[in-house]
Amino acid sequence: MTQHIDISRQGAVQIIRVNRPEKKNAFTRAMYDAMWKGLAAGEEDEAIRCHLFLGVPGAFSTGNDMQDFLAYATSGGDMPELIGFLECLASLRKPVVSAVDGLAIGIGTTIHLHCDLTLATPRSLFRTPFVDLGLVPEAASSLLVPAVTGHQKAFALLAMGNDFTAADALAAGLIYKIVSEEAIEEEALKLAEKAAARAPEALQISRRLLKRQPEDVIARIHEEAKLFSERLRSKEAQAAFMAFMSRKKS
Ligand code: COA
């Protein structure tokens, strides 16, 4: 278990807090594993009726840990914890609320495509620099983003790596609401509690009707993952990871 993912419970809400502030909440393999196990346990527990993802002030997550990316790229290994987490996330029956304050990069953005209600503070920044890293979209984002935003905004986000402010994300339909920094966690918990108070079976059936079939989403996760792991081993990607690791700070 890692101390970088805190899992707690408030009433019928399971709270999964990403808590690695010293690395701006970059995700390691152990963190994916902890989130995967936490979600799976929450799905099994009848007392839990809603999942809630939180970050830390200033960062939801800056995406996959670059050191881990480099390790995958050079070892030729695969990413079982990441894929297991994504499959689990895409198959959840219970509703998911999330709250973003600040940086939401890479999977720090794409996680929310699997959530039902995402709040963000005005200073939040959504960015998926996949192509700049020599990579391709992940977490079924190539399927889910265009369905929400249309092709042009999806291209700007996923292929161009353009920054989306909280206002841009709201206008594009990627988040539910903008909330102040002071209020976001309380509001997110209130929303999760409201979801948890709904008739659970009817809510789960309604959720399933509203979302794409998990099989289609999981198929895209695998299709992307195959290309993603090929790209991880490309010269373009390895050069980008090395550049990040050796960058000078101003
Ligand atoms: N993986 C590993 N470490 C990361 C990280 C990541 N994805 N994102 C941030 N960190 C680390 C930094 O290396 C730094 O560690 P250090 O203090 O030991 O050097 C610490 O977190 C603080 O980050 P820093 O880069 O100093 O903050 P910043 O405010 O100057 O810049 C970002 C913030 C997000 C612009 C910059 O950290 C960044 O570009 N991160 C990589 C994002 C990314 O491309 N993710 C992959 C998406 S697919």
Side-chain angles (χ1 to χ4, degrees), residues 2-5 17-35 53 55-75 78-79 81-83 85-86 89 98 100-114 120-121 123-145 154-166 168-169 174 181 220-221 224-250:
T2 167
Q3 78 276 21
H4 295 136
I5 298 293
R17 184 186 293 280
V18 190
N19 191 17
R20 196 189 178 204
E22 69 284 6
K23 295 288 181 189
K24 303 220 160 157
N25 278 357
F27 288 119
T28 60
R29 299 174 65 162
M31 290 164 75
Y32 292 127
D33 193 54
M35 293 192 292
F53 280 110
V56 295
F60 179 78
S61 172
T62 53
N64 203 93
D65 188 281
M66 291 294 214
Q67 190 77 56
D68 275 11
F69 262 164
L70 193 59
Y72 292 129
T74 48
S75 71
D78 53 10
M79 303 185 283
E81 299 87 356
L82 171 57
I83 300 302
F85 165 66
L86 290 176
L89 186 64
S98 60
V100 175
D101 174 33
L103 297 166
I105 302 188
I107 194 167
T109 285
T110 57
I111 248 180
H112 307 289
L113 303 170
H114 300 270
T121 61
R123 67 175 173 176
S124 295
L125 183 73
F126 297 84
R127 178 193 296 161
T128 59
F130 300 123
V131 170
D132 289 338
L133 294 171
L135 300 173
V136 293
E138 38 72 321
S141 56
S142 63
L143 180 71
L144 300 174
V145 176
F155 191 85
L157 181 75
L158 297 175
M160 299 298 287
N162 289 358
D163 286 349
F164 275 47
T165 62
D168 294 333
L174 293 167
E181 284 156 45
R220 182 61 67 98
I221 287 170
E224 291 170 345
K226 186 170 176 295
L227 296 165
F228 197 94
S229 57
E230 284 167 18
R231 294 303 311 161
L232 272 176
R233 285 166 205 126
S234 69
K235 287 206 172 76
E236 286 173 356
Q238 297 199 18
F241 305 148
M242 292 304 292
F244 179 80
M245 304 309 300
S246 58
R247 78 203 192 288
K248 298 262 185 303
K249 293 199 180 179
S250 48

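One-based numbering, in listed order, for ligands and for the atoms of each.
Partners of S124 by side-chain hydrogen bond (donor to acceptor under 3.5 Å, both in side chains), not counting sequence neighbours, listed by chain and number: T121.
Side-chain atoms of N64 and Y72 include no donor-acceptor pair closer than 3.5 Å.
In terms of N/O distances under 3.5 Å, ligand 1 is not approached by L103. Residue R127 places no N or O, backbone or side chain, under 3.5 Å from any N or O of ligand 1.
Atoms of ligand 1 lying under 4.0 Å from at least one heavy atom of L133, given by number and element, are 44 (O), 46 (C), 47 (C), 48 (S). Heavy-atom proximity to R247, at under 4.0 Å, picks out these atoms of ligand 1: 12 (C), 13 (O), 24 (P), 25 (O), 26 (O). Which parts of ligand 1 touch P129 is read off a 4.0 Å heavy-atom cut-off, strictly below it: atoms 44 (O). Those atoms of ligand 1 with a heavy atom of E22 less than 4.0 angstrom away are 20 (C), 21 (O).
The backbone N or O of T110 sits nowhere less than 3.5 Å from a side-chain atom of S141 that would complete a donor-acceptor pair.
The heavy-atom pair separating A225 from I83 by the smallest distance is CB-CD1, 3.6 Å. In terms of heavy atoms, M31 sits closest to N25 at CE-O, 4.5 Å.
Look at K23 and you'll find a heavy atom under 4.0 Å from some atom of ligand 1.
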